[in-house]
Protein chains: 2
Amino acid sequence: MARTGRPREFDRQAALETALVLFWQQGFEPTSLNQLKEVMGGISPTSFYAAFGSKEQLFREVVALYRSQQGQVTDVLFDENISPRQAIEQCLRQSVHMQTDKTHPLGCLVTMGATNCGPTGDAVMQLLREERLKNFGGIKRQLERAVSIGALPENADILALAATINTFLNGISLAARDGVGEKELQASVGNIMRLWDAA
Amino acid sequence: MARTGRPREFDRQAALETALVLFWQQGFEPTSLNQLKEVMGGISPTSFYAAFGSKEQLFREVVALYRSQQGQVTDVLFDENISPRQAIEQCLRQSVHMQTDKTHPLGCLVTMGATNCGPTGDAVMQLLREERLKNFGGIKRQLERAVSIGALPENADILALAATINTFLNGISLAARDGVGEKELQASVGNIMRLWDAA
DNA sequence: ATACTTCCGTATCGATCAGTACATAATTAG
DNA sequence: CTAATTATGTACTGATCGATACGGAAGTAT
């Protein structure tokens, strides 16, 4: 049974997708309500707030959507059914592929979505930071697992290797936005993985 | 001979320094004139515009100041009087040291100063992008020099190695802001330099 | 002294910010 | 039908954005 009341006249999901693109391009703070309303189908402020609550709540929904779509390239970091080395390499290769895909904004929303924030944007900055730290945690856990199953030697400096991988992963976003191509970045992933083999 | 007219009542250089700190913390767009005027000694809008022209012009001055101070850690990329390997390693180690120094905002202004921009911030974004691409160019030139003097083999994939180093360099800013310590990041530099030795 | 130059503080500009008030339209429930 | 519910469009809120107008203050030049 459809719920009561006047039906919504715009596609909520489609509006979320276009909001995602805008936030991805510009980040949280410089993206204005007017811009959002316009790209979300020219909806009215009343419709916007009735459907999404506030700019920050919309952003949180957008981040969740991103994580379930393009951002799932990092999910493999938490997969314990493949080899640790495969998990890391797949994460990096998929991240490079996704972030250099010109069918959407370059770089990563979690990495770049809220880097320039005034005092009002602290909560949003923290939201994305936690997402990044989750990924860093996933990297570390895969390395620990690698040591525990003998895929990496006991004396490997896995904290340093994890930091190296994490830092490289962070850097992909800016590199992509600065025009570095997928080819060079995939070759760079090959370099990073060579560190694994030498560890 | 002192120049004519009423003398300025605030220290222009000191005001620039405090503006640098604020832009470094928050980035270009979310930093407001009110915030700037306050930290710059509580100067009036008239004094601000007379002395600095506009928010964007102030930012450009701030970037130049940063480049001449903290940002000079990358100048070594253009030094042809030391070995190419030393140039790269010094750049990375100094960058890590500077960007994790808690006496000023974490990360790098050139990397993070204008990542979230609306349509009005394009010029500033481009300014920092060009600074980053200059550094990337310096990395590439050092690698070419290394090949030319036999410090790297002829068949080394220097474009891939340059992209790896550049991407890592980009990533240091976010890593530092997310709380990764200097120790782990210096160890990561050691890892990156291992790629050089294996090239 | 007077002109000239430069900086100062206050008050304010139009535009835009995120968010709301209010009356109305469209649907379901009874 | 009426009531209840939910969405709609228009108009508008106070706050803040970057930037300016204007008159006076403080210095130098002659």
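Just so it is clear: chains get the letters A, B, ... in the order the sequence lines come, proteins before strands, and each one is counted from 1.
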When the ring planes of A:His104 and A:Trp24 are compared, do they come out parallel, tilted or perpendicular, using 30° and 60° as the limits?
parallel

Short side-chain N/O contact from A:Arg8 to OP1 or OP2 of D:dA7, under 4.0 Å:
yes

Report the relative orientation of the aromatic rings in A:Phe10 and A:Phe52; use parallel for angles under 30°, tilted for 30 to 60°, perpendicular for over 60°.
tilted

Are any of the side-chain heavy atoms of B:Met112 and B:Leu174 separated by less than 4.5 Å?
yes

Provide, to the nearest angstrom, the distance between the CZ atom belonging to A:Arg6 and the P atom belonging to C:dT27.
8 Å

Would you mind checking if B:Glu144 and B:Arg141 are paired as a salt bridge, meaning a charged N to carboxylate O distance below 4.0 Å?
no

Would you kindly give the NZ-to-P distance between A:Lys55 and C:dA18, to the nearest whole Å?
4 Å

What is the distance, to the nearest angstrom, from the CZ atom on A:Phe28 to the P atom on C:dC17?
13 Å

From the set C:dA18, C:dC4, D:dG18, return the single nucleotide nearest to any side-chain atom of B:Leu33.
D:dG18

Taking atom P of C:dC17 as reference, at what distance in whole Å does atom CD of A:Glu56 sit?
18 Å

To the nearest angstrom, the CG-P distance between A:Leu58 and C:dA18 comes to 11 Å

For B:Phe10 and for B:Gly5, locate the closest nucleotide of DNA chain C by heavy-atom distance; then report the residue assigned to the nucleotide nearer the 5' terminus.
B:Gly5

When you look at CD of A:Gln126, are more than 12 heavy atoms from neighbouring residues, nucleotides or ligands closer to it than 6.0 Å?
yes

Within a reach of under 6.0 Å around CD of B:Gln69, are more than 12 heavy atoms found that belong to other residues, nucleotides or ligands?
yes

Identify whether any heavy atom of A:Thr31 sits under 4.0 Å from a base atom; if not, whether one sits that close to sugar-phosphate; answer base, sugar-phosphate or nothing.
sugar-phosphate

Specify whether A:Phe23 and A:Phe28 have parallel, tilted or perpendicular ring planes, treating 30° as the upper limit for parallel and 60° as the lower limit for perpendicular.
parallel

Can you tell me the distance, in whole Å, between the CZ atom of B:Arg12 and the P atom of C:dC8?
12 Å

Give a yes/no on whether any side-chain N or O of A:Ser32 is located under 4.0 angstrom from OP1 or OP2 of C:dC17.
yes

Rounded to the nearest angstrom, tell me the gap between atom CD in A:Glu9 and atom P in C:dA25.
12 Å

Can you pull out the residues from residues 34-50 of chain B that lie within a 4.0 Å heavy-atom distance of DNA chain D?
B:Asn34, B:Pro45, B:Thr46, B:Tyr49

